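Predicted, not measured: the structure shown is a model, and the values here were computed from it. Every chain is numbered from 1, with letters handed out A, B, ... down the list of sequences.
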There are 2 protein chains.
Amino acid sequence: MGSKATLKNIAGILEISISTVSRALKDHPDIAQETKRKVRELAELMDYEPNAFAVYLRTNESKVIGLIVPEISNYFYHSFVSALENEARKKGYTLLILQSGNDSAVEEANLRLCKLNRVACIFVALCSETRDLATFNRIGSSGIPIVFFDKVPEDNNCIKVCLADRDIGRLAARTIVGKGKKNVLAMFGNPNLSITRKRKQGLTEEIKKLTPFVNVSTVTANNSSEAKAILIEAMEKKEKPDTVFCMSDEILTGVIMGINKLGLKMPQDIAVIAISNGFIPKLTNPEITYIETSGAVLGKKAMQTFTEILEKGISKKLDVINSKLVEGGSI
Amino acid sequence: MGSKATLKNIAGILEISISTVSRALKDHPDIAQETKRKVRELAELMDYEPNAFAVYLRTNESKVIGLIVPEISNYFYHSFVSALENEARKKGYTLLILQSGNDSAVEEANLRLCKLNRVACIFVALCSETRDLATFNRIGSSGIPIVFFDKVPEDNNCIKVCLADRDIGRLAARTIVGKGKKNVLAMFGNPNLSITRKRKQGLTEEIKKLTPFVNVSTVTANNSSEAKAILIEAMEKKEKPDTVFCMSDEILTGVIMGINKLGLKMPQDIAVIAISNGFIPKLTNPEITYIETSGAVLGKKAMQTFTEILEKGISKKLDVINSKLVEGGSI
DNA sequence: AGTAAAATTGCAAAGGTTTGCGATAATGTT
DNA sequence: AACATTATCGCAAACCTTTGCAATTTTACT
C-alpha cells in the first residue's frame, strides 16, 4: 500500500512533483502559497515526518552528538550528561551515549561507532589508561570535531574544556593551612590522568609555599573501597593525620564509610575536605566542606564550545572553569 | 577527489562492480576467495566503513535504541542506563538518550525524535504527569516496540518491565512490624504513578493484616527538600513517629539531611527503612536498612525483553523483578 | 567437443530526500 | 502584440548501500 508518509506518496496524491512537496514543506519562496497550504495539510494528515536517514545520507550530516565517557554512573558525569543533553536538545541535537568502561579497546570501538554514525561532534572524557591518541587524531582530522572534557589529554593541539584543576588544588591547600591543620592525608585517583597530576601539584606546592610546617602524604586510591581501607589503616597508626583530602566523590564515598566504621567525628577526630559535585557532602553531619566542580556547568560550556567550532571553525582551544569553596563543618 | 572510502570507490579502483565489493565484504559465498582478499585489503587500507545512513535507509532498521527517562541524573536511572548501555553494546546497539524532565510535552517531542530516527525499540520510564498514552500507542502500532520500565502505565496492553512493587511494600511492612515499631511515618513520591500506589498499598495493607497496633501515616514528598521538611516537622510534634519509611532514594536523601539537622541517632531516636538502589544507604552510620531495587538488574531484563520481542514478536508482557532486604542498622 | 552444472560477477532498482537548473505559466512593460 | 520579468514547478542526479535476478565465465562430465 502506498500509505506510508513519504514525499513521494504525498506528491502522488496531490499529483505534483516530489521536489515541490519537499520545498513546500520547508517554506521555500519558489512555491505558491496555495500549494504550500495543500501540501502542509496533507502532510499533517498523513503524519509525515522526514526519513532522518535519507536526510542524513543526502546532507551528510546528522543531528547527533556522540558522548564517550568511562562510566555514566559516575557521580560527576551524570550531571554533566544531564546538562549536555539539555543544551543539545535545545539546539535540535540528540545524544548518543557510549561507555568505555575504562577500557581503551572499547573506547576505540566507541569512537568508530561515532564515526560510523557520522555524528556532528564527539565529546570525550578519556579512560584512565588511554595513552595513544592516534585514533582520536585520525577521526579529528576526518572532519568530526572532538571536544575533550574533564579527563583531557596533555597535548595542547586539541579542544579541551576542563576545570581549573591546579587552582582547585591550591584552594584546598589554602583552606587546610588556614584552619591550622598539620598532618594531611591526601587521597588521589588514577595518577595517569592530568587531572590527578594537576590537582596534586596544586595542593602540595601551594602548601609548601605557604608554610613548611604542614606535612602532606599523598596516596593513590583506585576506588571507594581502597579509599576506605587506606583511611582506616592510616587512623590506626600513631602518627594519625588530622585531615583527609579527597580528590573526588568516589574517594570521598570511601572515606565517609571509613569514618563511619571507626565512629569518628568530624572535624574533631578528623577533618575532611573534598573536591566534589556537591551531592554527597550534603549527606553527612556535619556537612562536608568541598570545592565544587559542577558537571552541569561543564556540560553547558562544552556545548557552547561545540557551537563555536561550528561557527568559527577553530581546532584548538582550552576552556577553563573556575570553582568555588562551599563550606560545611567538616574542617 | 574520489578518495572517500565508499563501495563505489573501491569498486572503481579494483575495476569490479559495486555489488561484488559489497558481497565480498560480507563474505558472501558467491564471491571468489581471491576477489575477497583483494577487496578486503583495499577496504582495510582505505579505512572503509559502511555509511550507516545508507544501510539504515536501505534496510529500514537502525541499530539504535531510544531511551526516554524523566531525568538521567536520578539515583535509580543512571544505574539502569549504565546496565542497558552495556547490554545494548554487546548486541551491537547504541543508545539514544532523551530526558523529558517530567514534562509531558517534551516527552512527546522525544518520542517523535525516536520515531524520526527509526529506532529499533524505545524504552520508556514515564513522566509523573503523563496521563495520555495516545502518542505511545500510535508509535507502538507504527511498528516500533515500546518497553515501559519502572514508571509504567496501568494499562496491561503493553510491554512492561517493573519491580514487584507491592511485594516490596509488603516486605517493608513485615520488617517494620517484626522490629516492633508502632508509629510509622511513610513518605511517598508522586501519587499519580502506579509504582507509588502499589508500594503504598503493599505497605499499608500488609501492616493492617499483620497487626492492628501499628499506626501508619502516609505523606507525599515531591522531592528531597520536602522530605526533609516533613520529617523535621513530624519530629517536633509530641506524637513523634518511631520509624520513617522512604519510598525512594530521593526521599531518603531528604530524610538523612533532616536527621542530621536534628542530630538524631538511628535507630534509637528514629528508625529508618527505605527502598533504594543501595548506594546512599551505605553512607550513613549506621548503614540504612533497605529493600534493594537494582537498576542494573532491571536494565538487563529490559534488554532481554527487547530481544524476545524481536524473536517472538510479542506485544504484551509483564516482567517482574523481585527484591531483597539488605540489613543495615537503622531499624 | 559439446553440454550441463556450478561458480562468479554485474545490472539495475529501490530506499527517501535534497537541490541545481531548466521548463512552463503568469504577469508586467512598452 | 511582442517581449521581458517573475512566479511556479518538475526533471534528474546525487547521497551509498543492498539484493533479486540475469549474465558471464569456469569447471565437470559424457
Side-chain angles (χ1 to χ4, degrees), chain A residues 1-40 42-43 46-64 92 115-120 142-143, chain B residues 1-40 42-43 46-64 92 115-120 142-143:
Chain A
M1 59 176 183
S3 76
K4 243 185 312 168
T6 68
L7 292 185
K8 192 201 261 188
N9 282 328
I10 294 180
I13 296 173
L14 257 32
E15 294 184 317
I16 56 180
S17 79
I18 295 178
S19 26
T20 302
V21 177
S22 174
R23 284 191 255 253
L25 287 173
K26 357 180 81 71
D27 211 18
H28 192 286
D30 267 11
I31 305 300
Q33 289 306 324
E34 175 60 12
T35 313
K36 282 182 187 170
R37 215 208 67 233
K38 273 196 276 186
V39 170
R40 276 201 280 254
L42 184 57
M46 293 177 70
D47 203 21
Y48 170 79
E49 277 169 35
N51 182 316
F53 301 137
V55 176
Y56 295 161
L57 176 59
R58 180 61 226 249
T59 61
N60 204 26
E61 59 173 23
S62 82
K63 293 292 247 179
V64 175
K115 189 185 164 201
L116 208 121
N117 279 76
R118 303 291 199 276
V119 297
S142 88
Chain B
M1 59 177 185
S3 76
K4 245 183 316 166
T6 66
L7 292 185
K8 190 202 264 189
N9 283 327
I10 295 179
I13 295 173
L14 258 31
E15 294 185 316
I16 55 179
S17 77
I18 295 177
S19 27
T20 303
V21 177
S22 173
R23 285 191 254 252
L25 286 173
K26 357 179 81 70
D27 209 20
H28 193 286
D30 270 8
I31 307 299
Q33 289 305 324
E34 176 60 11
T35 312
K36 283 183 188 171
R37 216 209 65 237
K38 274 196 275 186
V39 170
R40 276 201 281 253
L42 184 58
M46 295 177 66
D47 202 22
Y48 170 80
E49 276 169 36
N51 182 314
F53 302 139
V55 176
Y56 294 162
L57 178 59
R58 180 63 225 248
T59 61
N60 203 25
E61 58 173 21
S62 83
K63 291 294 245 181
V64 174
K115 191 186 164 199
L116 210 123
N117 278 75
R118 303 292 200 274
V119 297
S142 88

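- We find that NZ of B/K26 is positioned 16 Å from P of D/dC16, with the value rounded to whole Å.
- Applying the side-chain contact (heavy atoms from CB on, under 4.5 Å) criterion to B/K8, with sequence neighbours excluded, gives B/T6, B/I18.
- Regarding contacts with the backbone of C/dG10, a side-chain N or O of B/S17 is found under 4.0 angstrom from either OP1 or OP2.
- Distance CG (B/L25) to P (D/dT17): 9 Å, rounded to an integer number of Å.
- In this model, the phosphate group of D/dC15 is approached by a side-chain N or O of B/K8 to a distance below 4.0 Å at OP1 or OP2.
- A salt bridge (charged side-chain N to carboxylate O under 4.0 Å, His left out) check over residues 9-22 of chain A, counting only residues at least two apart or in different chains, returns nothing.
- Whole-Å rounding puts the B/L7 CG to D/dA14 C1' distance at 16 Å.
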What pairs of donor and acceptor atoms, side-chain ones from residues 20-30 of chain B against any protein atom, are under 3.5 angstrom apart with sequence neighbours left out?
{"unit_1": "B/T20", "atom_1": "OG1", "unit_2": "B/S17", "atom_2": "OG", "d": "2.9"}
{"unit_1": "B/D27", "atom_1": "OD1", "unit_2": "B/K36", "atom_2": "NZ", "d": "3.0"}
{"unit_1": "B/H28", "atom_1": "ND1", "unit_2": "B/D30", "atom_2": "N", "d": "3.0"}

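- The side chain of A/T20 lies closest to D/dG10 when the candidates are D/dG10, C/dG16, C/dG10.
- Among the protein residues, A/I18 comes within range of the nucleic acid bases, having at least one heavy atom under 4.0 Å from a base atom.
- Residue A/L42 holds its CG atom at 5.0 Å from CD1 of A/I13, rounded to the nearest 0.5 Å.
- Between A/V55 and B/F53, every side-chain heavy-atom pair lies at or beyond the 4.5 Å cut-off.
- Partners of A/V64 under the side-chain contact (heavy atoms from CB on, under 4.5 Å) rule, at least two apart in sequence or in another chain, are A/Y56, A/S62, A/T94, A/L96, A/V119, B/N117.
- For B/S22, no side-chain nitrogen or oxygen approaches OP1 or OP2 of D/dT17 to under 4.0 Å.
- Closest to the side chain of A/Y48, out of D/dT17, C/dG10, C/dT17, is C/dT17.
- Summarising the geometry, the separation between CG on A/L57 and C1' on C/dT19 is reported as 14 Å, rounded to the nearest angstrom.
- Look at B/T35 and you'll find a side-chain N or O under 4.0 angstrom from OP1 or OP2 of C/dT9.
- As judged by a 4.0 angstrom heavy-atom cut-off over every strand, A/I31 is placed among residues touching the sugar-phosphate backbone only.
- Here the side chains of A/R118 and B/N51 are in contact, with some heavy-atom distance below 4.5 Å.
- To the nearest angstrom, P of C/dT9 lies 14 Å from CD of B/E15.
- Distance, B/N51 CG to D/dC16 C1': 6 Å, rounded to whole Å.
- When the P atom of D/dT26 is taken as reference, atom CD of B/Q33 falls 17 Å away, rounded to whole Å.
- For B/R37, the side chain to side chain donor-acceptor pair (under 3.5 Å) test picks out B/E34, B/E41, with sequence neighbours left out.
- Comparing D/dC16, C/dT17, C/dT9 against the side chain of B/A54 picks out D/dC16 as the nearest.
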> Can you give one letter per nucleotide of nucleotides 20-25 of chain C, 5' to 3': B if a protein heavy atom sits under 4.0 Å from the base, S if only from the sugar-phosphate, - if neither?
Replying inline: B-----
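- Rounded to a whole Å, the NE2 atom of B/H28 is 10 Å from the C1' atom of D/dG20.
- At C/dT17, none of the side-chain N or O atoms of B/Y56 fall inside 4.0 Å of OP1 or OP2 (strictly under the cut-off).
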